[in-house]
Amino acid sequence: MPGLITDFLISLDDRFLYFVNWLHGDVRQYNIEDPKNPVLTGQIWVGGLLKKGSPVKVVGEDGNTYQIDVPQIKGNSLRGGPQMIQLSLDGKRLYATNSLFSAWDRQFYPEIMEKGSHIIQIDVDTDKGGLTLNPDLFVDFGDEPDGPALAHEMRYPGGDCTSDIWI
């Protein structure tokens, strides 16, 4: 199954490139200080079609199949795959939503249509590189009025690392 990279960004200090793979379900961090030799410094699985219980399985080079364990946050199972990301100005907090387009969500992740989407926070190691799921932040759009709602994009009021203007 091919991946589907739906968003990417570069940190303000130009050290790290981040991207999300909506179908597979991972967020990756690459050190790009040497642009000709990017180095994978962080990867975290936060959903996707490769998670345990999915009908999709990975076939390894040895022929064995496997699926990915996806963590829970505050007792909530992560739904869908990571879709849009925003990085704080200091580069230490990466936020991810999980709804692409309702028609695609319905096809690939029907659970999002039934339970709503969410926002999660991934903590970033800006010294050595690395990603850790924050266990304290889970914004659930399942109980919104007239919901469940689908979260697609987010913006910081004072700007973020992808903004051209900061207040």
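What you see is a predicted model, and the numbers here were worked out from it, not measured in a lab.
A distance-only check finds a donor-acceptor pair linking the side chain of Tyr109 to the backbone of Leu23 [under 3.5 Å]. Here the side chain of Asn31 pairs no donor or acceptor atom with the backbone of Phe16 at under 3.5 angstrom. Panel note: side chain Asn76, backbone Ile73; a donor-acceptor pair is recorded below 3.5 Å. At distances below 3.5 Å, at least one donor-acceptor pair connects side-chain atoms of Asp7 with backbone N or O atoms of Ile85. The main-chain N or O of Gly91 is never found under 3.5 Å from a side-chain atom of Ser11 such that the two would form a donor-acceptor pair. A distance-only check finds a donor-acceptor pair linking the side chain of Ser54 to the backbone of Leu49 [under 3.5 Å]. Counting only distance, with no hydrogens or angles, the side chain of Glu153 and the backbone of Met84 share no donor-acceptor pair below 3.5 Å. The main-chain N or O of Ile112 is never found under 3.5 Å from a side-chain atom of Ser117 such that the two would form a donor-acceptor pair. For the pair Asp105 (side chain) and Leu100 (backbone), a donor-acceptor distance under 3.5 Å is present. Distance alone, capped at 3.5 Å, places no donor-acceptor pair between the Ser99 side chain and the Leu150 backbone.
Counting non-hydrogen atoms of other residues, nucleotides and ligands closer than 6.0 Å to NZ of Lys115 gives a total of 12 or fewer. Residue Asp34 qualifies as enclosed at atom CG: its count of foreign heavy atoms under 6.0 Å is above 12. The environment of CG in Asp146 is sparse: at most 12 heavy-atom neighbours from other residues, nucleotides or ligands sit within 6.0 Å.
Using a 4.0 Å cut-off between a side-chain N of Lys or Arg and a carboxylate O of Asp or Glu, Glu33 and Arg15 qualify as a salt bridge. Using a 4.0 Å cut-off between charged side-chain N and carboxylate O, Asp140 and Arg79 make a salt bridge.
In this structure the side chain of Gln67 never reaches within 4.5 angstrom of the side chain of Leu50, judged on heavy atoms. Side-chain contact check for Phe141 versus Ile119: some heavy-atom pair is nearer than 4.5 Å. Contact annotation: the side chain of Asn98 approaches that of His118 to within less than 4.5 Å [non-hydrogen atoms, C-beta and beyond]. Annotation: side chain of Gln121 is in contact with side chain of Asp123 (closest heavy-atom distance under 4.5 Å). The shortest distance between side-chain heavy atoms of Ile122 and Tyr95 does not fall below 4.5 Å.
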Could you walk me through whether Tyr18 and Leu94 pass the side chain to side chain contact (heavy atoms under 4.5 Å, CB included) check?
-> CA-CA 9 Å; Tyr18 299 89; Leu94 184 68; 3.9 Å; yes

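Tracing side-chain contacts under 4.5 Å through hydrophobic residues (I, L, V, M, F, W, Y), one reaches Trp104 starting from Val56; they form part of the same cluster.
Taken to the nearest 0.5 Å, the CD1 atom of Ile120 stands 13.5 Å off from the CG atom of Asp136.
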